[in-house]
Amino acid sequence: AYRTDEGQPWVLPVVKKVKQLIANDNSLNHEYLPILGLPEFRANASRIALGDDSPAIKENRVGSVQSLGGTGALRIGAEFLRRWYNGNNNTATPVYVSAPSWENHNSVFMDAGFKDIRTYHYWDAAKRGLDLQGLLNDMENAPEFSIFILHACAHNPTGTDPSPEQWKQIAAVMKRRSLFPFFDSAYQGFASGSLDKDAWAVRFFVSEGFELFCAQSFSKNFGLYNERVGNLTVVGKDADNVQRVLSQMEKIVRTTWSNPPSQGARIVATTLSSPQLFDEWKGNVKTMADRVLLMRSELRSRLEALGTPGTWNHITEQIGMFSFTGLNPKQVEFMVKEKHIYLLASGRINMCGLTTKNLDYVAKSIHEAVTKIQ
Amino acid sequence: SSWWSHVEMGPPDPILGVTEAFKRDTNSKKMNLGVGAYRDDNGKPYVLNCVRKAEAMIASKKMDKEYLPIAGLADFTRAAAELALGENSEVIKSGRYVTVQGISGTGSLRIGANFLQRFFKASRDVYLPKPSWGNHTPIFRDAGMQLQAYRYYDPKTCSLDFSGAMDDISKIPEKSIILLHACAHNPTGVDPRQEQWKELAATVKKRNLLVYFDMAYQGFASGDINRDAWAVRHFIEQGINIILSQSFAKNMGLYGERAGAFTVICKDAEEAKRVESQLKILIRPMYSNPPVNGARIASMILNTPDLRKEWLVEVKGMADRIISMRNQLVSNLKKEGSSHNWQHITDQIGMFCFTGLKPEQVERLMKEFSIYMTKDGRISVAGVSSGNVGYLAHAIHQVTK
């Protein structure tokens, strides 16, 4: 979760404003939303992901399912794929998750009924970057019609994203091998500070004619974590296909949560449908993204100034909330036990935990860990 | 070509689909007696005063938006359990239970269904009353369970087929799962009397069945939260470790906020901890953690004495209005000159009434009078007001005379 420079959670100013608007609107009540969610939310959420001038939107072949956060969107998509993709109830379709990935990806697809969940090469620990060749090889060798979970931006946990050129190569293989792209977009806007830049990969795949799913989370970029605001965007060949898909997703939603929570969706819908509030939101998002970018560059420059062994450019080349520092488990243990700096055994740190006040301490501690412990 | 060419168009949801058809109708006299959402006497959604107050209190506290724990808001789940079981419950005192926050009633039922699929090895069979809420069957089926039924509603008398129920239940294979509606049976409105509940509890205990209570209307049925929870508490007192799904959609009017809870009563606190850990493992890949808003409101109400008092008055108010509409519907039918026996309308309890109307009659009500209900003849009495009860009686009389 995002933290301010004071180490505090941050309720976005635009969210505070919109909550007030909602509270003052006596015409609003707590009635059930439709099964697929608040219409204004759904349309706006998908528009954010695909872009205002998306050909798919113009051609009316986009569907949306308001979901309980990004997790909920992934789950509805996974349940649908298990029932309807690559045959009927084909639980044997391989599902590929990046190595490493958010650990819940595995559980989501497993609980949705998929029996064959595999990893694809992603993180190259030696060079601390993307193992593109490994990734492309895995795609070449994957059975036709396999499902690939792709991180739209700000890969969790490595912070390492393919470049546009690399995405083009990925898309080419996926098209040739008839692999299904399921994007997980949890950080749009939060990664680079630009909504469009962070959505480039998803939009590219759409422009290449793919049918795809994109699970969106508004937890981070709206700071609405506990309201559970998410959206599953469905891009299909044509409107008719999308309609049928949505009707089946409705059935899945009905037995999972019946209809989604209204509070968070209202906040997002109100914000996205007002040009003024939308601009204000983009500004808030950029504030968060900029702070993280600043912490990255400050941490890197301190490590380089200290002469900490190794290279530290990956800290600024990686993007989003997380960074794979490259610290090994022993070094991590040192950080946790001796320095009281909490990070995962994988060496992943949450950049949001850095502040101007603790940068020096963290940099020095990393320096100690790397020099003292092999 | 598309990946989805073979995907069939799904049928519209029978219950929520009624509302959608209603919305499209342009007749000014139209009535929506489909979905079970309370309406005031002007036919408008009713936001409870205690809810508005709780919202104002929450807004003034400027709480953050950080993720809730997977099991939900602790103040809420604790209060929900106490509400159902009673504050002096031995179960609460000993801590031999776990309550997790669920996505209203549906989400809570689904967590329970998934939990049973994964951990209840003795049987795949869930016995539902005939009829039951339409969504029960697909929820359990999607969770991987099998559905069976026991007799419940007697269409000849429009009341409980108690001997049929007892007969069927006494033959249910041991260690099967039986689902019971705690109060205000949906869709029939037919509840067992306390004496009948006692016999049901004894039989269920003898057959060693796992009891799953669905309580979506506590307070909303009789107007008294303790009376409506009587069956649940009686079963527990008889030593039956039930599992329970609660909804706060109707009794607090929190429909779209999705406030609910799922409870497992365990042997002891240690078992409860183990069960909780497994429930969390089920929830995480579904939606990670639950939405805060509804739970915060419900918690504020249940845990603030003044608000709780106000809530009890308001929920009684809703229950009383419904009872009054039942009375008025029957008296209006008599005035229309109907010769049928409509006593079941006032005998039944809660939001719904099984009118006894047949599908063709329901169809006529929809087409000729723009009155919408589900095909089984179930009406949501909450959709009836003093302004339209006469029109409803007139229409029903027209299609049944």
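Nothing here was measured: the structure is a model prediction, and the numbers come from that model. In what follows, every chain begins at residue 1, and chains take the letters A, B, ... in the order their sequences are listed.
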Bottom line for V47(B): the part with an atom under 4.5 Å from chain A's heavy atoms is side chain
Correct closest heavy-atom pair for M249(A) and V65(A) would be SD-CG2, 3.7 Å
When the 4.5 angstrom heavy-atom criterion is applied to E66(B) and chain A, the contacting part is both
Whatever's closer than 4.5 Å to a heavy atom in chain A on A113(B) counts as neither
In terms of side-chain heavy atoms, does D41(B) have a donor or acceptor partner in S385(B) at a distance below 3.5 Å? no
Before you tell me yes or no, could you show the steps for F109(A) and W102(A) under ring-ring contact (aromatic ring centres under 6.0 Å, His included), namely the whole-Å CA-CA distance, both residues' side-chain angles and the distance that decides it to 0.1 Å?
CA-CA 12 Å; F109(A) 280 81; W102(A) 183 47; over 10 Å; no
Inspect the surroundings of NZ in K30(B) and state if more than 12 heavy atoms from other residues, nucleotides or ligands are less than 6.0 Å away. yes
Taking a cut-off of under 4.5 angstrom between non-hydrogen atoms, the residues of residues 232-239 of chain A near chain B are K237(A)
In this structure, CZ of R284(B) is separated from CD of E103(A) (nearest 0.5 Å) by 5.5 Å
CG of L307(B) to CE of M57(B), rounded to nearest 0.5 Å, is 5.0 Å
Under 4.5 Å to a heavy atom of chain A? For L109(B) that would be neither
Okay, A1(A) and chain B: the region with an atom under 4.5 Å from a heavy atom over there is side chain
Could you tell me whether K250(B) sits above the aromatic face of Y255(B), with NZ or CZ closer than 6.0 angstrom to the six-membered ring centre and within 45 degrees of the axis? no
Turns out that what part of V242(A) lies under 4.5 Å from chain B's heavy atoms comes down to neither
Check your understanding: Distance only, no hydrogens: is a donor on one side chain within 3.5 Å (strictly under) of an acceptor on the other, for N241(A) and R61(A)?
Key -> no
- Residue pair W10(A) / K65(B), side-chain heavy-atom distance below 4.5 Å: no
Salt bridge (Lys or Arg N to Asp or Glu O under 4.0 Å) filter on K19(A), not counting sequence neighbours, yields none
Within residues 176-185 of chain A, contacts to chain B at heavy-atom distances under 4.5 Å involve S178(A), F180(A)
One should read off an interatomic distance between Y2(A) OH and T4(A) OG1, to the nearest 0.5 angstrom, of 6.5 Å
Okay, L12(A) and chain B: the region with an atom under 4.5 Å from a heavy atom over there is neither
Between the CZ atom in F262(B) and the CG atom in D214(B), the distance rounded to the nearest 0.5 Å is 11.0 Å
Here the gap from F352(B) atom CZ to L33(B) atom CG, rounded to the nearest 0.5 Å, amounts to 10.5 Å
Bottom line for R141(B): the part with an atom under 4.5 Å from chain A's heavy atoms is neither
So, the part of S108(B) with a heavy atom under 4.5 Å from chain A: the answer is neither
Report yes if the side chains of T256(A) and T106(B) come closer than 4.5 Å at any heavy-atom pair, otherwise no.
no
message = Counting C-beta onward and ignoring hydrogens, is there a side-chain heavy-atom pair between M31(B) and Y372(B) closer than 4.5 Å?
response = no
Closest non-hydrogen contact found for N90(A) with F114(A) is O-CE2, 4.1 Å
| said: Would you call the rings of F140(B) and H136(B) parallel, tilted or perpendicular, taking 30° and 60° as the class edges? | reply: tilted
Separation between CD1 (I111(B)) and CD1 (I283(B)), nearest 0.5 Å, reads 4.0 Å
P290(B) and G72(B) have their tightest heavy-atom pair at CG-CA, 3.5 Å
Looking only at I139(B), D142(B), N135(B), most heavy-atom pairs under 4.5 Å shared with chain A are made by N135(B)
When the 4.5 angstrom heavy-atom criterion is applied to S288(B) and chain A, the contacting part is both
Whatever's closer than 4.5 Å to a heavy atom in chain B on F80(A) counts as side chain
By residue number, those in residues 257-268 of chain A with heavy atoms under 4.5 Å from heavy atoms of chain B are W257(A), S258(A), N259(A), P260(A), P261(A), S262(A), Q263(A)
Under 4.5 Å to a heavy atom of chain B? For V245(A) that would be both
Q.
Are the side chains of N231(A) and S67(A) in contact, using a 4.5 Å heavy-atom criterion?
A. no
Most heavy-atom pairs under 4.5 Å with chain A, out of G102(B), G107(B), P138(B), belong to P138(B)
